[in-house]
Structures are given as C-alpha cells and as structure tokens.
Chemist: 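One structure, pasted below without further comment.
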Amino acid sequence: MDKFVIKGKAPLRGEVTVSGAKNAVVAIIPATILAGGPCLLDNIPDISDVGYLFEILSAMGAKVKVLSATSVMIDTTNITCTNVPDDLARQLRASYYFHGALLGRCGRSGVVMPGGCDLGVRPIDQHIKGFEALGATVNIEHGTVSTEATRLMGNHIFFDVVSVGATINVMLAAVRAKGLTILENVAKEPHIVDLANFLNSMGADIRGAGTDVIKIHGVDIMHGTNYSIIPDQIEAGTYMVAAAATHGNVLIRGVIPKHLEAITEKLVKAGASVVEYDDAIRVSGECDELSSVNVKTMPYPGFPTDMQPQITTLLSVAKGTSIVTEGVWDNRFKYISELARMGANIAVDGKVAVVQGVSSLMGAEVKASDLRAGAALVIAGLIAEGTTEISEIHHIERGYADLVGKLRGLGADITRKSYPDMAMNITA
Ligand code: EPU
C-alpha cells in the first residue's frame, strides 16, 4: 500500500508549473478516434487516467507512441474495435467519452458503465438523451451501455441539467452528424472550449463553445492535427489554496488567470493576496490569519466543485464560521470525517457544511476517498502540526501530475512511501 507522508507547518514558497488539464485531456484522447489519422498531442499531464486511456486506445488497435514526458502521437487510422475493454473502462469516468467518439466515427459503441470518483449518483441520462436525439439507439444491458446508429442526424437538444460529460459526449457524436446540431443549456468549462478547439483543428465546425449554446455543422471528413492541451484549472487552484493555507508565497506558472477568477475572488476575501500575470499567478498568504468566507459551488464560471474540498480545508483553519454549499454533487463531503480526525470542526447537513475555524490541525492517519478529497487531505497535512499519513493515494494520482515533486520543490516535507500489503504479510 502506498501513502503520502507529510510533515506539516512549512509555508510553501517558490515557483511551480501546472500540467495540462486532466478534464480536457480525458476528452481529447478519446476524440482522436474521430481524426482517423495521426494526432500529435502536447502538454499531456503524467497522471494515471491518461495511462488508462492510452491502454484503451492501444487495445482498440490504435498506435500510441509516447514521445516525451508531455507529448504523444496517437494514430487511430486502423482501430479495429468499437468496444472498450471492461476492466480498463471501469478505471475512470472518462471512458464514457468513447461512446461519442465511436458513434461519430463508426456508428456504434459498447462501454461498461464508467468508474471515477464516488460523488453520489452519477446518472448519464443526458448523454443518452443527446445520442437518441441524434438518431442513435441506446441499450443498457448487464451494466454495459451500447449505442448504434445507421446515420446520425443533427438535431436541437436542450439539456435538462448543465453537464460537462453530456456536453462533451454529444459534441463528439454531433461533429459527424448530418446537418446542424444545436446544443442548449450546455456546460461552459474551459475544457469544453478546449475540446471544441481540438475538434475544429481536426476539421469539425463547432461554434459557441464557452457560451450557453453550441452550434455544430456536421462534417463528413476529419483529419489528424497537432494540439497542445490547456493548463489544468483545478491543479492551479489546488496550488493557490495550498499557498494561501500554509501562509506561503507561490508563483504558479503556465496558467490562464481568467479560468481561476472564482478561486481568486474567494482567496482574496479570505485575506490572501493574489497577483495575476499573463500566464502566471502569485498567491501569498503571508498574513497572521485567514478569515471565513462562504462558498457555493456551481458550473463554470461559478466556483468549481472540484475545488470545494481544498477550499473547505483552508477554511477549517480560518477565523470565524464559513458556510460551504455543494451545488453540483450529492455527496462530496466524505472527506470531512477525515479532516475531523485532524481536529477540524465542520458540521455537514446534506449539501451544506458549516465550518468553524480552529487554530490549527493535527497530523493523523487519513484516507483519500476520491481525487479532490485526497488533494484536500494533502493541504490539511501541509498546514497541520506533526505528521500526516494519507492512504488510498491512487485516487490522487489519477489527477495530479508529480504532486510530490512539485510540492517538494515548494519546500514541503512530503514523501511517497510504499508499505508492504497486509494480505501479503499474512500469507508470507
Ligand atoms: N447529471 C445528470 N445527468 C447526466 C449527467 C450529469 O443528472 O446525464 C448531473 C450530475 O449528477 C451532477 C451534475 O449533472 O449533479 C453535473 O455533472 P457533470 O455531468 O457535469 O459531471 P461529469 O461530467 O460526470 C465532470 C468532471 C468532474 C467534475 C464535474 C463538474 C470529468 C472527467 N469529470 O464530471 O471532475 O466534478 O464535471 O464540473 O471531466 C474531478 O476532476 O475531480 C471531477 C470529479
């Protein structure tokens, strides 16, 4: 079993560069199927979700050649299969993007219900509604979702809820549908825009990504491209919060400050100083104490749900009472019981957490229940007195490239330790 071991109380100082955006790349890699030719992708983050996607594409007959730590050549010309291997599909949420891409290119797909973070019920009714509106039939049998269409036809689709996944999946299929598709009430996250830019660079005709309405004129032919993934908004936000929470001073490089505005606003309200540059942002928490702030998570441009655990951790040691409302997921407060082990005083009622700031946290043995919960516990470990050991770190490594190396570069005392598996000990 692998753990992060953190000795806390050291303010983070120095510079860190963020990697490519996880939630963009996990859509863009499946989207290479639509190219039917070679795509050179750059600024790929070194995270385990990316590794699984490469394995899936290879298993489907694509050529995946890793050229450097951040670049890869993917050639999907000769894919031979429209089904994603079950064991790989279960490893991550984004495996469901193979539906949109395969429907668009081959008119059929089969993917077992996806894995990913356990944040409560994660329905895919809006994905299905979109595929059906484009003329596909969708079946769910024995936990596998299959789609089929003789010819996708453009349509006008109004999503009942704002969904990143459904917006992406239906865009992927619609780029090859005949005629015009209009998607309304869509997600506007930076990764939606990045995917649209990527698809357009492969010959698609998508307009309006980043607004509430996306218009897609279907095209018959797409082609390979060279593309660089945008920086990760949530990784950047995590370092911003870590810098403020440890009362440090960090320059975070390679970011798009506009994507970080909702996070910046809350940190400034809490008493941190934030300075924006063209492609960097400096966060300093060199004040005596941070103060309480209320936060409600919402789809972009609102405060991102994927930053909720991290900001709540900061607020757990801010002066006063903060109200944190989770506006996207049903069950994203599971990490609070772990923070409580470290001395946090937080009461949860449904989708609302009431955070009573304490003077400090204490190191403890805690468990990461999902990706951002794990990031929050890392921040907790950085600000706590004593040693924190975090287990189940595979969740964290799904989405943060070289977390240990980057934090050590900022002066944190964090190590990744491998412990022998208990079960193996018993048999040995
Ligand atoms: N929803 C439905 N029906 C659907 C789809 C979604 O009711 O068909 C609901 C969900 O239950 C949820 C809300 O709509 O209440 C938003 O879900 P969305 O579809 O936007 O989420 P997602 O696409 O499954 C992505 C990210 C998540 C991030 C959310 C919200 C990826 C691979 N995942 O999930 O990222 O929290 O958008 O921004 O892009 C993470 O990175 O830690 C993470 C969980």
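Model, not experiment: these values are computed from the prediction. As the structure lists them, so they are numbered: ligands from 1, and atoms in each ligand from 1.
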Chemist: Should Glu261 and Lys258 count as an ion pair when the cut-off is N to O under 4.0 Å?
Modeler: yes

Chemist: Tell me every residue that passes salt bridge (charged side-chain N to carboxylate O under 4.0 Å, His left out) with Asp279, counting only those two or more places apart in sequence or in another chain.
Modeler: none

Chemist: Would you please name every residue forming a salt bridge (charged side-chain N to carboxylate O under 4.0 Å, His left out) with Glu15, sequence neighbours left out?
Modeler: Arg253

Chemist: Hey, which atoms in ligand 1 end up nearer than 4.0 Å to a heavy atom of Arg122?
Modeler: 22 (P), 24 (O), 34 (O)

Chemist: Mark up the atoms of ligand 1 that fall under 4.0 Å of a heavy atom belonging to Val328, in ascending order.
Modeler: 12 (C), 15 (O), 16 (C)

Chemist: Using side-chain heavy atoms (C-beta onward) and a distance below 4.5 Å, is Val25 in contact with Val50?
Modeler: yes

Chemist: Can you tell me which portion of Asp125 lies within the under-4.0 Å heavy-atom range of ligand 1? Options are side chain, backbone, both, or neither.
Modeler: both

Chemist: Does a side-chain N-to-carboxylate-O contact under 4.0 Å join Arg207 and Asp205?
Modeler: yes

Chemist: Closer than 4.0 angstrom, basic N to acidic O: yes or no for Glu148 and Arg108?
Modeler: yes

Chemist: Under a 4.0 angstrom heavy-atom cut-off, which atoms of ligand 1 come close to His127?
Modeler: 8 (O)

Chemist: Does the residue Lys22 have a heavy-atom contact with ligand 1, meaning some pair of atoms that are separated by less than 4.0 Å?
Modeler: yes

Chemist: Would you say the side chain of Leu180 lies within less than 4.5 Å of the side chain of Lys215, judging by non-hydrogen atoms?
Modeler: yes

Chemist: Look at atom 18 (P) of ligand 1 and find which of Val164, Ile234, Thr305 reaches it with the closest heavy atom.
Modeler: Val164

Chemist: Have a look at ligand 1 and work out which part of Ser163, if any, has a heavy atom under 4.0 Å from it: side chain, backbone, both or neither.
Modeler: both

Chemist: Please confirm whether Arg332 comes under 4.0 Å of ligand 1, counting heavy atoms of the residue only.
Modeler: yes

Chemist: Can Ser71 and Ser68 be counted as having a side-chain donor-acceptor contact under 3.5 angstrom?
Modeler: yes

Chemist: Checking side-chain contact (heavy atoms from CB on, under 4.5 Å) against Leu407, which of Leu382, Ile6, Asp402, Asp413 comes through?
Modeler: Leu382

Chemist: So, are Lys3 and Glu389 salt-bridged, with charged N and O less than 4.0 Å apart?
Modeler: yes

Chemist: Have a look at Ala373, Pro299, Pro123, Gly374 and point out the one with the heavy atom closest to atom 5 (C) of ligand 1.
Modeler: Pro123

Chemist: Just to be sure I read this right, does ligand 1 sit under 4.0 Å from the backbone of Asp160, its side chain, both, or neither, counting only heavy atoms?
Modeler: neither

Chemist: At the 4.0 Å heavy-atom cut-off, does Phe159 count as touching ligand 1?
Modeler: no

Chemist: Considering only heavy atoms of Tyr96, which atoms of ligand 1 have at least one such atom less than 4.0 Å away?
Modeler: 22 (P), 23 (O), 24 (O)

Chemist: Short list, please: which atoms of ligand 1 are under 4.0 Å from a heavy atom of Gln126?
Modeler: 3 (N), 4 (C), 8 (O)

Chemist: Any atoms of ligand 1 less than 4.0 Å from a non-hydrogen atom of Gly165? List them with their elements.
Modeler: 19 (O), 23 (O)

Chemist: Of the backbone atoms (N, CA, C, O) and the side-chain heavy atoms from C-beta on, which set of Trp329 has a member under 4.0 Å from an atom of ligand 1: side chain, backbone, both, or neither?
Modeler: side chain

Chemist: If you count the atoms of ligand 1 from 1 in the order shown, which ones are under 4.0 Å from a heavy atom of Val161?
Modeler: 1 (N), 2 (C), 7 (O), 14 (O)

